[in-house]
Amino acid sequence: MQGYEVLHPMGWDAFGMPAENAAMEKKVHPGEWTRANIASMRSQLKTLGFAFDWSRELATCEPDYYGQEQALFIDLFEGGLVYRKESAVNWDPVDMTVLANEQVIDGKGWRSGAQVEKRKLSQWFLKITDFAEDLLAGLDELKGWPDKVRLMQENWIGKSQGLQFHFALAEAQDEIATVEVFSTRPDTIYGASFVALSADHPLTRQLAEKNEALAAFAEECKTGGTTAAELETMEKKGFYTGLTVTHPLDPDWQLPVYVANFVLMDYGTGAVFGVPAHDQRDLDFARKYDLPVKRVVSDGEDTGAIFSGNEAYTGPGTIVNSAFLDGMTIEAAQQAVIDRAQSEGWGKAQTTWRLRDWGVSRQRYWGTPIPIIHCDDCGPVPVPKDQLPVTLPDDIDFETPGNPLERHATWKHVDCPKCGKAARRETDTLDTFVDSSWYFLRFASQPDDRPFDPEVVKQWLPVTQYIGGVEHAILHLLYARFWTRALASIGKLDFTEPFESLFTQGMVTHETYSRFQEIEVAISQSETGKVNVGVGSYFSPDEVERTADGATLKVDGQPVKVGRVEKMSKSKKNVVDPDPIIEQYGADAVRFFMLSDSPPERDLPWSEAGIEGSWRFVQRLWRLFIAVADNDDTGEDKALRRKLHQTVAGVAGDVEALSFNKAVAKIFELVNLIEKSQPSADRTTAIKSLARIVAPMVPHIAEEAWALFGESGLIADAPWPEVDESLLVDDEVTIAIQVRGKLRDTITTAKGSSKEQLEELALASEKVQRSLDGAEIKKVIVVPDRLVNIVI
RNA sequence: GCGGACGUGGCGAAAUGGUAGACGCAGCAGACUUAAAAUCUGCUAUCCGAAAUGGGUGUGCGGGUUCGAGUCCCGCCGUCCGCACCA
């Protein structure tokens with residue numbers, strides 16, 4: 001309608017665990033289940049009339065997609081961006097499968113209920129950390145992304161700079177003579193009071209071999225809870241190793257070495273030095289084990305070395321009690337310590353990242369097979385590209401626990417492509433985030449013989465406007481950015497950012513209805529309250545009769561509790577099936593409702609009443625359309641014409657800004673005015689133009705109207721109505737008149753009146769005179785075409 | 001704990017520092033109808049008032065800047081989101 005060439009594709013992220021779960025529960029093949037789901041969703045989308053380019057439809061579970069993904073994986077492998085290392089996974093010993101973090105509930109497998117083990121497996125990783133700096137820097141250029149998402153990615157990448165250095169052990173333990181630590185606060189080095197090691201630290205392990213109590217403590221650290229709540233409340237615990245280290249700046253100063261449960265092996269060096277006065281966690285620890293607490297940063301008031309209280313000072317200040325650092329700012333002292341460490345050779349400036357390399361191995365069936373063959377002689381060998389795709393075998397079952405690929409009779413047995421000896425296929429499949437990291441390239445171009453055609457991709461990409469939920473703010477969007485950079489770095493692409501603009505849309509929400517047993521609990525000694533216990537159930541909206549002040553269950557007429565408006569989910573049963581609603585009200589009403597109420601970035605509370613309102617509006621439109629289908633009204637209606645042009649321009653602007661709810665409001669205003677107006681040529685024009693501006697929202701009825709008007713072709717191809725700029729501005733304006741900032745009167749006058757005229761008109765107002773009540777006028781503020789404020 | 005966003009009628013929401021509540025939903029009253037539905041008309045922040053083209057109050061709470069604050073600043077309270085023993 002506006003003459004742009006738009007590529008709006010649709011595809012299916014079709015691999016993953018839901019299909020495997022369904023296979024186990026319903027005994028259907030994951031592929032069958034997935035394809036049936038795709039078919040039903042596709043038909044829903046088609047019913048709603050979305051203008052997708054279906055010729056580019058793809059599904060990640062089809063060999064023509066994942067085969068090309070395998071080719072890309074091999075490219076990255078050959079480009080040195082893929083490697084294998086041992087990594088811990090959550091292993092369910094009963095289901096013999098690897099679990100995602102969210103499948104581990106209270107340390108137990110969600111399906112089997114078995115105690116989950118940490119098991120080391122050799123797994124494939126992508127070197128996303130090679131791009132950490134670039135992924136971080138690139139965020140600055142993504143002007144079209146919400147700040148919130150950029151910030152989330154920044155935190156996720158988690159760059160921190162500081163000093164990495166080693167403490168010399170007073171007595172070397174076999175091969176180990178030093179403890180390497182990392183700190184972002186080297187300025188507080190004189191406040192150090194202990195060194196703490198992770199339970200997985202090599203030194204800890206070595207010591208644990210000879211020390212049973214330590215071994216037990218380290219084990220306890222590892223099996224501790226993993227949920228956020230548990231971590232929050234977990235006590236800081238340590239175990240004194242009996243060792244000491246020498247302070248790098250004072251050979252006479254010995255620090256005790258502990259193993260502590262709050263030190264992570266996979267961040268920094270797996271060891272820290274504690275500065276209790278200026279780190280809350282260290283302070284908690286020091287108080288518990290009665291370690292020295294020395295002030296080294298002063299806020300200006302207190303400079304003494306003795307630090308009392310149980311709240312660490314982490315604010316700005318000046319360094320004190322720190323030998324050569326005294327009097328420096330925190331920043332200067334950091335630099336001074338780094339300089340000294342580097343010149344004396346016991347440490348160096350270091351950047352640490354929270355971001356880890358991306359583990360892409362999944363010990364599962366329903367995913368892209370990793371195209372690698374393990375040969376005893378040649379090691380891991382990529383499958384030659386002319387043998388791709390490596391397809392999934394269909395003859396599998398989920399009756400026995402474990403990965404079906406692993407136990408398939410023949411699938412994994414192949415010859416080494418290099419030496420021809422008997423070898424084994426990799427039986428891990430790729431994380432589904434890999435599938436979704438490059439689909440936009442395949443949408444732009446889908447040749448049979450390679451993943452994409454760079455020339456065609458160049459025409460369409462980067463994606464101008466990406467729309468997705470915030471739930472993808474970090475992982476998917478970061479992986480896609482990485483993947484694009486990775487391909488660029490091996491010369492396959494010539495851009496690094498896949499998505500220019502990102503819009504995060506809200507979710508559809510609905511009230512929840514439930515009945516739960518309540519029990520009395522003691523809140524305090526004197527009070528009791530009622531809490532829900534986990535016995536009871538949720539009810540779906542179609543089981544419930546909504547009344548003015550509550551809701552009742554249809555089957556028994558008894559009240560149910562109306563809960564919060566929440567994201568639709570199966571567990572809360574607050575889902576609404578679109579099919580019967582489309583059946584009853586039509587796709588246009590559903591589309592219009594979704595656009596009309598809330599701005600798209602916000603959640604949309606689904607309401608039956610809202611749908612009905614939209615449905616009535618569609619009826620109103622239709623009545624207008626048939627009324628002018630073939631009339632020959634004459635005569636002018638200048639006010640209506642003006643409103644039409646203002647609406648056409650306004651709606652175009654709102655739609656461009658994705659403010660659909662505002663566009664809808666403007667359309668309502670126009671329709672209200674049309675309905676009140678008398679027949680005229682302008683009215684006929686207004687209604688015919690109206691059809692075009694509502695066409696993107698209610699395409700079905702708009703196309704009908706177009707045919708009814710006797711036009712040929714599709715309204716979707718018709719040009720957007722032209723706007724006469726001169727009609728956009730009114731020639732009269734309403735001016736607000738305030739006295740002391742309070743509204744007292746309004747006057748309507750010609751647009752562009754001079755300040756003097758406005759002041760005169762304002763003072764002439766009877767109401768103004770009344771509220772002035774003879775008071776002395778100190779000042780008159782005049783904002784042309786806006787307001788007059790009289791200050792007394 | 002850290003970081004971020006948000007807080008406006010019964011509800012969804014509007015409002016470049018310039019008339020708060022546009023527009024919609026729900027509700028109320030009326031018209032049409034034998035009746036109902038649909039449709040149409042009007043009202044609908046709140047308090048005082050019989051009413052007014054009267055006045056007061058009002059954008060979570062308390063301050064501030066400004067001729068003027070929903071909007072800007074400071075401090076609270078609350079809700080939601082993200083991250084989290086990250087050294």
Side-chain angles (χ1 to χ4, degrees), chain A residues 146-149 151-156 158-160 162-164 181-186 188 196 198 221 224 228 230-237 260-264 266-275 279-282 284-285 314 352-354 470-471 473-474 548-549 564-565 592-593 596-599 601-614 616-617 619-620 623 659 661-672 675-676 734-746 766-767 770-771 778-783 785-792:
Chain A
D147 291 344
K148 176 194 166 96
V149 174
L151 190 71
M152 281 163 72
Q153 292 213 352
E154 192 184 318
N155 291 338
W156 188 262
K159 180 181 186 177
S160 56
L163 174 68
Q164 185 167 329
V181 297
F182 172 74
S183 172
T184 55
R185 292 294 302 273
T188 61
S198 152
C221 292
E230 279 174 300
L231 287 177
E232 199 171 339
T233 52
M234 199 189 289
E235 200 180 352
K236 310 280 173 283
K237 279 192 208 160
N261 64 347
F262 61 86
V263 182
L264 304 174
D266 52 0
Y267 185 81
T269 60
V272 296
F273 71 92
V275 183
D279 182 291
Q280 190 59 47
R281 198 188 42 206
D282 295 345
D284 294 346
F285 192 81
T314 54
T352 313
W353 304 87
R354 209 192 80 103
V470 252
E471 68 271 22
I474 297 178
D549 53 349
R564 287 186 15 194
V565 174
F592 194 78
F593 170 70
S596 63
D597 255 15
S598 291
E601 68 274 17
R602 228 175 282 185
D603 289 345
L604 173 72
W606 188 265
S607 95
E608 191 82 4
I611 288 281
E612 247 178 71
S614 296
R616 283 201 297 268
F617 180 73
Q619 309 297 307
R620 282 168 74 189
R623 265 177 258 128
S659 300
N661 57 325
K662 289 192 237 169
V664 165
K666 290 191 173 83
I667 288 168
F668 265 109
E669 287 183 41
L670 175 64
V671 169
N672 288 343
E675 286 179 340
K676 287 195 172 81
T734 306
I735 309 279
I737 313 220
Q738 299 176 336
V739 176
R740 267 179 28 247
K742 286 193 189 287
L743 184 74
R744 293 298 162 186
D745 198 6
T746 57
E766 195 189 317
K767 289 179 200 167
R770 210 186 311 150
S771 53
K778 286 191 187 143
K779 199 173 172 186
V780 179
I781 312 256
V782 182
V783 183
D785 296 336
R786 275 285 180 179
L787 62 62
V788 179
N789 187 10
I790 300 163
V791 187
I792 52 174

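Chain letters run A, B, ... following the sequence lines, proteins first, then strands; residues in each count from 1.
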Once you round it to whole Å, what is the distance between [atom2] of [N] and [atom1] of [X]?
X      : N     : atom1 : atom2 : answer
A:I611 : B:G24 : CD1   : C1'   : 13 Å
A:R602 : B:G24 : CZ    : P     : 19 Å
A:K148 : B:C81 : NZ    : P     : 9 Å
A:E675 : B:G42 : CD    : P     : 12 Å
A:R620 : B:C25 : CZ    : C1'   : 13 Å
A:E471 : B:C83 : CD    : C1'   : 17 Å
A:N155 : B:C83 : CG    : P     : 10 Å
A:I781 : B:A69 : CD1   : P     : 12 Å

Rounded distance in Å between the [atom1] positions of [N] and [M]:
N     : M     : atom1 : result
B:U59 : B:G9  : C1'   : 10 Å
B:U79 : B:A15 : P     : 27 Å
B:U44 : B:C23 : C1'   : 15 Å
B:A14 : B:U34 : C1'   : 44 Å
B:U8  : B:U57 : P     : 22 Å
B:G4  : B:C73 : P     : 13 Å
B:G75 : B:G3  : P     : 12 Å
B:C40 : B:U53 : P     : 27 Å

How would you label the contact of [X] with the nucleic acid (heavy atoms, under 4.0 Å): base, sugar-phosphate, or nothing?
X      : result
A:V470 : nothing
A:Q738 : base
A:V783 : base
A:K662 : sugar-phosphate
A:R740 : nothing
A:D147 : nothing
A:T352 : nothing

Notebook entry, point to check: Starting at the 5' end of RNA chain B, which residue's closest nucleotide do you reach first, A:L264 or A:V791?
Noted result: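 Nearer the 5' end of the strand: A:V791.
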Within less than 4.0 Å of OP1 or OP2 of [N], is there a side-chain N or O belonging to [X]?
X      : N     : answer
A:R281 : B:C86 : yes
A:R744 : B:G68 : no
A:K742 : B:U57 : yes
A:N789 : B:G18 : no
A:N672 : B:G24 : yes

In terms of side-chain heavy atoms of [X], which of [options] is nearest?
X      : options             : result
A:L151 : B:U19, B:A87, B:G3  : B:G3
A:K767 : B:A14, B:G12, B:U53 : B:U53
A:S598 : B:U53, B:G12, B:U39 : B:G12
A:L743 : B:C83, B:C85, B:A20 : B:A20

Check: Taking only residues two or more places apart in sequence, or in another chain, which ones meet A:E675 in a side-chain hydrogen bond (donor to acceptor under 3.5 Å, both in side chains)?
Finding: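 Scan of A:E675 (side-chain hydrogen bond (donor to acceptor under 3.5 Å, both in side chains), adjacent residues dropped) gives A:R620.
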Next item on the list: Enter the distance from A:I737:CD1 to A:L787:CG here, rounded to the nearest 0.5 Å.
Entry: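 Answer rounded to 0.5 Å: 9.0 Å.
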Notebook entry, point to check: Judged by atom type as modelled, is there a donor-acceptor pair below 3.5 Å linking the side chain of A:S607 to the main-chain atoms of A:G610?
Noted result: yes
Next item on the list: Sort by first number and list every stem of RNA chain B: at least 3 consecutive Watson-Crick or G-U wobble pairs, both distances under 3.5 Å.
Entry: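 Output for stems: B:1-7 with B:77-83, B:10-12 with B:23-25, B:27-31 with B:39-43, B:45-48 with B:54-57, B:60-64 with B:72-76.
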Checklist line | Note, A:Y267 side chain near A:S198 side chain (heavy atom, < 4.5 Å) | finding: no
Notebook entry, point to check: What residues form a side chain to side chain contact (heavy atoms under 4.5 Å, CB included) with A:Q619, not counting sequence neighbours?
Noted result: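 Testing A:Q619 for side chain to side chain contact (heavy atoms under 4.5 Å, CB included), a comparison that skips the adjacent residues, returns A:W615, A:R623.
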Item checked: Syn or anti conformation of B:G54, syn meaning chi within 90° of 0 -> anti
Notebook entry, point to check: So A:F617 and A:F668, would you call those rings parallel, tilted or perpendicular, with 30° and 60° as cut-offs?
Noted result: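 Plane angle between 30° and 60°, so tilted.
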